Amino acid sequence: MGRLLGAYLFLLAWAGTLVWTIYESGFDFWGWLPRLFGPTLIAVLVVLSLPVLRRQDTVRPVSRGAV
C-alpha cells in the first residue's frame, strides 16, 4: 500500500528473526546463513525503498475525489 509503517514492521520482524537465530544456533555463521539470507535480502530492499516511502508519506493529494 506504499505506507512507511509496513517497512518499519518488516524491519522489526527482521530484528526478531536475528534474535531468534542467535538463540537457536549461537554464533555459528553456517547456522545463520539459511535463517537470515532471504530475510536480509528483502530487508536491504526495504531499507533502499525508505526514501521513496518517506516522500510518498509527506506528499498527499489535497482531495482524492470520486472515481
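These figures come from a predicted structure and were not determined experimentally. Both backbone and side-chain heavy atoms feed into the values below; hydrogens, waters and symmetry mates do not.
Pairs engaging residues 4-23 under the salt bridge (Lys or Arg N to Asp or Glu O under 4.0 Å) rule: none recorded [sequence neighbours left out]. Counting only residues at least two apart or on different chains, no salt bridge (Lys or Arg N to Asp or Glu O under 4.0 Å) pair has a member in residues 36-46. For residues 44-53, no residue pair satisfies the side-chain hydrogen bond (donor to acceptor under 3.5 Å, both in side chains) rule, not counting sequence neighbours. Annotation: salt bridge (Lys or Arg N to Asp or Glu O under 4.0 Å) contacts involving residues 40-49, sequence neighbours excluded, are absent. Applying the salt bridge (Lys or Arg N to Asp or Glu O under 4.0 Å) test to every pair with at least one member in residues 33-52, sequence neighbours left out, gives these pairs: Glu24-Arg35.
Using a 4.5 Å cut-off between side-chain heavy atoms of Ile, Leu, Val, Met, Phe, Trp and Tyr, with links allowed through other members, Leu45 and Tyr8 fall into different hydrophobic clusters.
Through direct or relayed side-chain contacts under 4.5 Å between Ile, Leu, Val, Met, Phe, Trp and Tyr, Trp30 connects to Phe29, Leu33, Phe37, Leu41. Other residues sharing a hydrophobic cluster with Val44 under the 4.5 Å side-chain heavy-atom criterion for ILVMFWY residues are Leu48. Leu12 belongs to no hydrophobic cluster with other residues, because no ILVMFWY side-chain heavy atom falls under 4.5 Å from its own, directly or through intermediates.
With values rounded to the nearest 0.5 angstrom, Trp14 atom CH2 is found 5.0 Å from Thr40 atom OG1.
Side-chain contact between Leu50 and Leu4: present, with at least one pair of heavy atoms (C-beta onward) separated by less than 4.5 Å.
Listed by chain and number, the residues in a side chain to side chain donor-acceptor pair (under 3.5 Å) with Thr17 amount to none (sequence neighbours excluded). Evaluation of the side chain to side chain contact (heavy atoms under 4.5 Å, CB included) rule for Tyr23 yields no partner, not counting sequence neighbours. The side chain to side chain contact (heavy atoms under 4.5 Å, CB included) search around Leu9 returns Leu5, not counting sequence neighbours. Residues satisfying the side chain to side chain donor-acceptor pair (under 3.5 Å) criterion with Trp32, sequence neighbours excluded, are absent altogether.
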